[in-house]
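See below for the structure under consideration.
Chain letters run A, B, ... following the sequence lines, proteins first and then strands; every chain starts at 1.
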Amino acid sequence: MSESSSDKISEIISEISRIYGADEWWEADSAEEVMIGAILTQQTRWENVRTAISRLKMHDLCSFPKIRSADPAFIEELIRPTGYYRQKARRLKLLAEFVLERHGGMENLSNMETHLLRRELLSVNGVGEETADSILAYGFMRDCIVIDRYTKRIFACAGITSDGDELRRAFEEALPGTSSAKRRIHGHLVEYAKDFCNKSRCEECVIRNLCE
DNA sequence: GACCAGGTCCTTG
DNA sequence: CAAGGACATGGT
């Protein structure tokens with residue numbers, strides 16, 4: 001990766017942030033809900049997650065104690081719109097076990113140091129890097145940039161890198177640093193990619209002007 | 001009807 | 001350890 005990558009990242013971010021507002025991005029009422037949504041959103045549109053979450057809430061099943069004791073088949077039924085529903089129902093069960101049994105509840109988790117918490121989250125089957133980072137950034141409000149597929153796509157397109165670890169390092173160097181800024185930036189990148197990284201609007205992409 | 005979505009895990013070579 | 005497949009519904 002070239003020396004000026006972080007400069008270019010800063011440039012791209014300020015361009016995109018200019019286009020989108022400063023709203024908080026992940027819709028959720030609690031850290032628990034972020035964690036549940038983070039599993040449900042895997043490889044699925046957010047609209048389907050919204051449906052699934054509201055169905056869970058309708059049956060008072062949007063919390064780990066309830067999920068832990070619920071009938072797996074019933075959870076599957078409620079989250080069906082998000083796809084991979086059998087796998088995701090299992091992952092929600094594992095996450096509930098992780099939170100309640102391994103760590104004694106959300107309170108203890110929220111008191112953990114960020115890097116330790118990240119390692120712990122990654123130890124759960126079904127929680128990969130992107131899910132863990134989303135949970136850290138949007139659930140526990142930690143200083144953590146989320147590198148997801150959209151982010152990689154944008155920066156690969158700009159000729160920087162599509163390697164997650166490299167991008168993370170370059171981001172740390174490029175970003176001003178507050179955790180709320182990182183949350184907003186990730187949201188902006190995702191929205192930007194949804195809008196412009198497709199066949200019909202790729203030509204309008206302002207980042208193209210910043211590419212080699 | 002193909003193609004993709006706010007990924008991750010498991011199996012193969 | 002990289003590449004490929006499986007998981008599955010809903011919208012364009």
Side-chain angles (χ1 to χ4, degrees), chain A residues 12-13 16-17 19-21 23-29 31-56 62 72-98 118-142 144-157 161-168 171 179-180 182-202 205:
Chain A
I12 289 169
I13 286 168
I16 290 178
S17 296
I19 298 172
Y20 294 92
D23 297 339
E24 284 291 333
W25 178 62
W26 193 295
E27 2 169 333
D29 297 335
E32 257 182 328
E33 195 179 317
V34 171
M35 293 177 80
I36 291 165
I39 294 294
L40 295 182
T41 199
Q42 290 171 359
Q43 194 65 15
T44 306
R45 290 183 164 78
W46 184 256
E47 290 67 41
N48 301 327
V49 177
R50 196 182 286 135
T51 305
I53 297 257
S54 80
R55 290 171 63 160
L56 286 171
C62 196
F74 188 44
I75 296 179
E76 288 178 8
E77 187 56 34
L78 295 177
I79 67 173
R80 196 187 202 87
T82 66
Y84 303 148
Y85 59 90
R86 273 185 275 268
Q87 193 176 62
K88 286 174 180 174
R90 193 179 124 253
R91 289 175 175 177
L92 288 179
K93 282 279 191 184
L94 290 172
L95 200 54
E97 238 170 79
F98 166 82
R118 185 169 198 273
R119 258 197 300 285
E120 278 297 295
L121 288 168
L122 287 172
S123 75
V124 182
N125 183 298
V127 179
E129 305 244 339
E130 298 167 30
T131 303
D133 288 340
S134 296
I135 291 171
L136 288 172
Y138 298 97
F140 293 98
M141 301 303 184
R142 301 306 174 88
C144 175
I145 182 69
V146 181
I147 308 290
D148 70 350
R149 280 238 274 256
Y150 284 140
T151 309
K152 289 176 187 166
R153 191 191 300 178
I154 288 176
F155 291 102
C157 169
T161 177
S162 58
D163 180 86
D165 290 331
E166 258 185 82
L167 255 187
R168 184 179 304 284
F171 259 95
S179 59
S180 71
K182 288 177 185 170
R183 288 195 294 280
R184 272 187 287 109
I185 285 163
H186 172 65
H188 290 156
L189 290 169
V190 172
E191 296 308 318
Y192 186 85
K194 286 202 278 201
D195 287 344
F196 292 102
C197 296
N198 55 59
K199 277 174 193 152
S200 61
R201 298 191 68 191
C202 183
C205 176

Is [X] touching bases, backbone alone, or none of the nucleic acid, heavy atoms closer than 4.0 Å?
| X | result |
| --- | --- |
| Val127(A) | sugar-phosphate |
| Gly83(A) | base |
| Glu129(A) | sugar-phosphate |
| Val124(A) | sugar-phosphate |
| Lys88(A) | nothing |

Nearest-Å distance for atom pair [atom1]/[atom2], residues [X] and [N]:
| X | N | atom1 | atom2 | answer |
| --- | --- | --- | --- | --- |
| Asn48(A) | dC4(B) | CG | P | 17 Å |
| Tyr150(A) | dA5(B) | OH | C1' | 6 Å |
| Glu130(A) | dC9(B) | CD | P | 11 Å |
| Tyr84(A) | dA6(C) | OH | P | 11 Å |
| Glu76(A) | dA8(C) | CD | P | 8 Å |
| Gln42(A) | dA6(C) | CD | P | 19 Å |
| Arg45(A) | dT12(C) | CZ | P | 7 Å |
| Leu40(A) | dT8(B) | CG | P | 13 Å |

Consider the side chain of [X], meaning its heavy atoms from C-beta on, and name the nucleotide among [options] that approaches it most closely.
| X | options | result |
| --- | --- | --- |
| Thr131(A) | dG10(C), dT8(B), dA8(C) | dT8(B) |
| Arg91(A) | dG10(C), dA8(C), dT8(B) | dT8(B) |
| Tyr85(A) | dA8(C), dT8(B), dC4(B) | dA8(C) |
| Arg149(A) | dA8(C), dC4(B), dG7(B) | dG7(B) |

### Task
For Trp25(A), check ring pair (Phe, Tyr, Trp, His ring centres under 6.0 Å) against everything at least two apart and list the hits.
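Testing Trp25(A) for ring pair (Phe, Tyr, Trp, His ring centres under 6.0 Å), a comparison that skips the adjacent residues, returns Tyr138(A), His186(A).
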### Message
Would you measure the distance from the P atom in dA8(C) across to the matching atom in dT11(B) and give it in whole Å?
### Response
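16 Å, rounded to whole Å.
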### Inter-nucleotide P distance (dT8(B), dG10(C)), Å rounded
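These two P atoms come out 22 Å apart once rounded.
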### Message
Applying salt bridge (Lys or Arg N to Asp or Glu O under 4.0 Å), can you list everything that pairs with Glu120(A), at least two apart in sequence or on another chain?
### Response
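Counting only residues at least two positions away or on another chain, Glu120(A) forms a salt bridge (Lys or Arg N to Asp or Glu O under 4.0 Å) with Arg102(A).
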### Message
Under a 3.5 Å threshold, yes or no: a donor from one side chain and an acceptor from the other, between Thr51(A) and Asn48(A)?
### Response
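No - no donor-acceptor pair under 3.5 Å links their side chains.
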### Query
Distance only, no hydrogens: is a donor on one side chain within 3.5 Å (strictly under) of an acceptor on the other, for Thr161(A) and Asp163(A)?
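No donor-acceptor contact under 3.5 Å links the two side chains.
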#### Entry: For Asp133(A), the option from Arg142(A), Arg183(A), Arg118(A) that meets salt bridge (charged side-chain N to carboxylate O under 4.0 Å, His left out)
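Of Arg142(A), Arg183(A), Arg118(A), salt bridge (charged side-chain N to carboxylate O under 4.0 Å, His left out) with Asp133(A) is met by Arg118(A) alone.
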### Query
For dA5(B), does either OP1 or OP2 sit under 4.0 Å from a side-chain N or O belonging to Thr41(A)?
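Checking dA5(B) against Thr41(A), no side-chain N or O comes under 4.0 Å of OP1 or OP2.
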### Message
Is Arg80(A) close enough to dA8(C) that one of its side-chain N or O atoms is under 4.0 Å from OP1 or OP2 there?
### Response
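No.
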### Query
For DNA chain B, whose closest nucleotide is more 5', that of Tyr138(A) or that of Asn125(A)?
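In this pair, the answer is Tyr138(A).
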### Query
Which residue, Arg153(A) or Leu122(A), contacts DNA chain B at a nucleotide closer to its 5' end, judged by nearest heavy atom?
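Looking at DNA chain B, the more 5' nearest nucleotide goes with Arg153(A).
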### Query
Would you call Glu76(A)-Lys88(A) a salt bridge at under 4.0 Å N-O?
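Salt bridge between Glu76(A) and Lys88(A), a charged N being under 4.0 Å from a carboxylate O: no.
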#### Entry: Secondary structure of DNA chain B in dot-bracket form (Watson-Crick or G-U wobble, distances below 3.5 Å, | marking inter-strand pairs)
.||||.|||||||
### Query
Heavy-atom distance under 4.5 Å between the side chains of Leu56(A) and Leu40(A), does that happen here?
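Yes, close enough: below the 4.5 Å cut-off.
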### Query
Closest approach of Asp29(A) and Glu33(A), non-hydrogen atoms and distance?
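Between these two residues, the closest heavy atoms are N-OE1, 3.2 Å.
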